[in-house]
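Chain A is the first sequence line, chain B the second, and so forth, proteins listed ahead of strands; every chain is numbered from 1. We use all heavy atoms of the structure for the numbers below, so side chains are in, but hydrogens, waters and symmetry mates are not.
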Amino acid sequence: MTPHRRLFRLPWRGAERVRRDVDDEMAFHLEMVEQELMAGGLSREAARAEAVRRFGDIERARGALRDEGGRRDRRARRIEWAGGIARDLRFAARTLGRSRAYAAVVIAALAIGIGATAAAFSVLDGVLLRPLAFERPDRLVAIFSANRGSDGIPPSYADFVDWRERTSAFEGVAFVRGELLLLRGSDGVQRVLAGLTTEGYLELLGTRPRLGRGFTEDEERGIGGRVVILSHALWTDRYGADPGIIGRSIVLDDLPYDVVGVMPRGFRYPEFAEMWTPLAPFAQSDASLARRDWRVDNRVVGRLAESVGIDRAREEMSRIATQLAEEHPATNEGVDVALTPLAQEVVGDVRTPLGTMLGAAALVLLIACFNVANIALVRATTRVREFAVRSALGAARGRLMRQMLIESTLLAFVGAVLGVLLASWSVNLLVRTAPTLLPRLEEVGVDARVVAITALIAIATAVGFGVVPALRSTKLDLSRALRDGAPGSGAGGGSKRLRSVLVVGQVALALTLLIGAGLLFRSFLNLMAQDPGFRIERLVTMRIIPPQTRYDDSGSTLALYEAVREAVESVPGVASAAMVNHLAPAGVVTPLRIEGRDLPDGATPPLAMYRTISDGYFATMETPLRSGRTLERGDMSPTSTALVVNETLARQYWPEGDAVGKPLTIYRQMVGRAGYRTPVHGEIVGVVATTRGAGPERPALPEVFLPVPADVWRSMYLTVRTTRDAAAMVQPIREAALRVEPDLPMDDLRTMEQRLDSFLAQRRLTLALLGSFAAVALLLASVGIYGVVSYAVHQRTREIGIRIALGARPGRLVADVLREGALLGTAGVVLGGLGALALTRALEGMLFEVTPTDPLVFACIAGLLLVVTLGASAIPARRAAKVDPMLAIRND
Amino acid sequence: MELLKGTLDVLILKTLSWGPSHGYGVSRLIRQRTEDVLSVEDAALYQALHRLETRGWIDAEWGVSENNRRAKFYRLTTEGRRQLRASEASWRRYATAVFKVLEPA
């Protein structure tokens with residue numbers, strides 16, 4: 001073989017060239033064969049024909065070779081491209097390594113923006129977007145009873161049985177009842193809330209146990225031993241997620257239960273249930289369950305039949321309810337049915353606060369992006385010479401742009417990773433410290449979905465802040481750029497305008513966020529200023545639940561309440577103790593009948609909250625008395641007719657005169673007692689101030705107070721006024737109660753401050769988050785303004801130097817710079833103000849006694865931003881005044 | 001004579017081990033060496049050449065032939081050389097085994 005020119009390794013070529021190569025190769029071969037045959041004596045045409053014949057199936061070969069060549073070519077191109085990217089990445093990393101400050105600032109800004117958005121999104125996703133842990137949850141409906149006065153009261157078991165029998169709109173319904181059971185074990189006694197379920201409950205919801213199995217039919221009917229399925233949380237907390245729990249026996253209320261299953265994480269229906277067990281064995285021993293009017297602690301859930309909508313189901317259930325009302329007028333008169341999609345019932349109405357969070361986070365991200373874009377633009381202008389040289393050496397514009405975009409993508413990626421870590425940390429913190437703050441919060445976590453969304457955001461961000469500088473800095477006028485001259489040639493007026501626009505945008509967005517936070521803050525202040533009607537500090541509350549088995553009748557129950565109260569009052573540090581059947585917001589309602597004010601037939605009677613209290617209740621609560629007297633020892637008898645009402649009720653029905661002395665008829669509300677629904681023809685002996693025991697956000701309701709013995713409640717709240725710090729008194733009070741009755745079930749043991757805190761907790765969290773977002777936004781915006789003004793001064797150093805040399809006063813120069821900053825700030829404030837006027841409407845649901853366009857808030861925030869703007873401009877302004885004209889003119 | 005399956009690749013590799021060549025050269029060499037007993041269909045030869053190139057056992061570059069025409073030259077790569085040694089060894093084993101059976105006892 002003769003040596004040839006070698007350039008080993010073919011560079012990649014396009015499809016057209018592949019085709020040409022194949023043709024050339026085959027043409028060469030055919031020609032060589034032709035020549036060989038011609039040398040053997042054939043004519044040209046014959047040789048040609050023979051060569052073609054000898055080749056074989058030419059066209060098929062040609063096609064196969066082309067395909068193969070194309071494949072090879074594409075692969076080579078891919079490798080080349082990947083190599084190029086790898087090179088660009090290394091180059092970007094080196095370049096950024098040299099400008100560490102720039103990289104750090106950009107990464108920090110992006111981490112904050114992306115982290116905030118990722119965190120807000122993951123909370124939103126976990127609470128609102130992710131479907132509930134049931135099968136086809138959109139077909140599940142929560143069914144409540146309803147009567148005038150309240151929209152959703154728990155249904156009774158007897159009603160449920162009839163619904164189940166008569167409905168055709170549901171393919172299945174199931175009933176669950178909450179019951180407090182005493183779990184006794186080697187690591188102590190614990191009260192657990194169990195869900196007692198009817199047949200097919202778990203199948204209806206469609207969730208299979210994660211470990212073990214569901215209940216068998218026999219077990220659900222109460223045949224055989226008692227069984228229980230644990231919730232994931234209980235299994236992890238108490239039993240250390242031990243898989244050997246299946247088959248083990250635990251003791252509940254002194255009876256053995258076999259653990260047959262564990263539900264998966266996130267399954268919590270009803271949300272209070274820590275375990276589930278069949279209802280049947282309880283029904284056998286508790287007669288009250290069968291009572292049609294026993295409407296407490298129960299839930300009914302149904303699965304809509306195929307192609308039946310919730311409205312049709314509503315109509316049908318209403319019809320059934322009317323039938324039941326006719327069949328059982330004593331218990332079901334006026335009782336209707338209310339249907340709510342299960343998702344809504346579980347989640348409640350957190351859509352607005354969560355949406356606000358996400359919106360605020362997105363704004364912060366936007367501000368961060370604008371900031372970063374600004375910085376990137378400035379940096380790009382300093383590299384103009386570098387790009388000019390590379391361009392002159394032959395780099396394609398696309399290549400330069402690609403390299404810049406890779407640089408910004410690298411920054412965005414690092415920022416996103418840090419942001420996700422930040423989000424993960426803060427979400428975990430939130431879930432750990434306040435798991436009950438939002439529904440389903442335990443399901444929230446930074447997971448794959450969130451990471452994927454974050455990645456998308458990061459890429460969008462990279463493109464967002466990278467593209468414009470890339471475009472601008474690669475569109476070069478080479479001769480001007482290469483010439484020694486002012487930096488920023490090729491990035492002149494247009495770039496400056498763009499940067500100003502970006503800064504104005506930042507200020508506007510920051511203003512919007514700040515106004516939102518300001519409005520919420522003002523609402524919060526208004527709420528806190530509300531008078532609760534009693535003294536909150538130094539008050540301990542707890543609920544006592546005498547066990548049914550030992551305290552069946554009014555007499556013994558009342559005696560127990562008295563004994564506990566006495567025992568608690570003798571504890572050192574306790575000033576006084578009193579009892580009440582419910583603490584706000586819980587409570588039952590009684591119809592009122594007022595003499596002389598008869599209603600037309602069929603009209604809804606007026607209602608009031610029904611509270612039974614012991615003597616000394618108002619003294620303990622330190623609720624002011626407006627007129628008349630409170631209930632005293634002498635009133636504490638079953639036949640007492642003394643009633644106290646609150647101001648709201650008094651003003652509603654006796655607006656002009658005094659309610660004291662007026663007759664009022666109410667109806668006993670304790671289900672299961674002989675006197676249920678019997679009237680009490682009482683007389684108002686006193687009017688007290690209205691209390692807001694459920695926090696300032698709930699409306700004030702009319703209340704009527706009755707002595708405890710007149711209608712003995714099955715469980716009561718003890719309120720205790722202490723002379724020492726309330727939190728420290730909780731344990732001693734509890735122990736005193738236990739001394740009266742060991743193992744007395746008690747719950748909701750906390751100070752009044754803790755109770756009220758929990759009502760405001762969500763609002764406080766929203767405010768804290770929004771406030772911190774707004775603060776970050778303000779910081780970013782002020783840094784942005786500083787950057788732009790400072791850079792402008794730097795650009796004009798020569799001009800300033802000349803002016804100083806010509807005799808301009810420094811004060812004038814400072815004023816000029818400040819004016820530039822003020823202009824930017826004002827533009828931003830105006831723009832932001834307009835934007836805020838439009839956007840704050842979305843906050844309406846969360847405001848309290850504040851309009852979305854509250855002028856005070858708007859004015860204050862606008863003022864704040866203008867001051868910050870001036871402050872940020874002041875530093876470069878001072879620098880401008882101190883410019884040394886000699887240096888400035890000589891400088892480049 | 002028809003080629004047995006798999007033979008073409010090892011023939012090509014061996015031919016190229018004597019030095020780089022274009023496709024026509026390979027086909028001519030095979031014919032010469034086997035004294036015209038084995039003939040390779042050109043279509044199959046070229047498909048095999050391209051396949052081997054994709055696999056990375058042979059390398060290709062465009063050059064100029066003896067008669068000043070543009071031609072695609074192939075040469076053996078390191079990996080190809082290794083494959084050739086392995087194939088040669090297994091062919092020898094195979095042939096020896098078959099001969100052992102065919103030889104008179």
Side chains of [X] and [Y]: closer than 4.5 Å at any heavy-atom pair?
X       : Y       : result
B:His22 : A:Phe28 : yes
B:Lys72 : A:His29 : no
B:Asp42 : A:Met26 : no

(message) Please check: side-chain N/O of B:Arg70 versus main-chain N/O of A:Glu25, any donor-acceptor pairing under 3.5 Å?
(response) no
(message) I'd like to know if A:Glu68 pairs up with B:Arg51 as an ion pair, taking the criterion as any Lys NZ or Arg NE/NH1/NH2 lying under 4.0 Å from an Asp or Glu carboxylate oxygen.
(response)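 No.
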(message) Between the side chains of B:Arg31 and A:Glu36, is the shortest nitrogen-to-carboxylate-oxygen separation below 4.0 Å, so that they form an ion pair?
(response) yes
(request) Determine which residues belonging to residues 48-61 of chain A lie within contact range of chain B, meaning some heavy atom pair is under 4.5 Å apart, and list them by number or answer 'none'. (result)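 When heavy atoms of chain B are the reference, residues 48-61 of chain A contributes A:Arg54, A:Phe55, A:Gly56, A:Asp57, A:Ala61 within the under-4.5 Å range.
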(request) Let me know if A:Arg62 has heavy atoms under 4.5 Å from chain B in its side chain, its backbone, both or neither. (result) neither
(message) Taking atom CZ as the centre, does A:Arg44 end up with more than 12 heavy-atom neighbours from other residues, nucleotides or ligands that are less than 6.0 angstrom away?
(response) no
(request) Mark yes when over 12 heavy atoms from residues, nucleotides or ligands other than A:Tyr102 sit less than 6.0 Å from its OH; otherwise mark no. (result)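 Yes, OH of A:Tyr102 has more than 12 neighbouring heavy atoms, counting only those of other groups under 6.0 Å.
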(request) Locate the shortest heavy-atom distance separating B:Trp62 from A:Asp24; write the atom from each residue and the value. (result) CH2-CB, 3.8 Å
(request) List the atom of A:Ala64, the atom of B:Gln47, and the distance in Å for their closest heavy-atom pair. (result)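 Result for this residue pair: CB-OE1, 3.7 Å.
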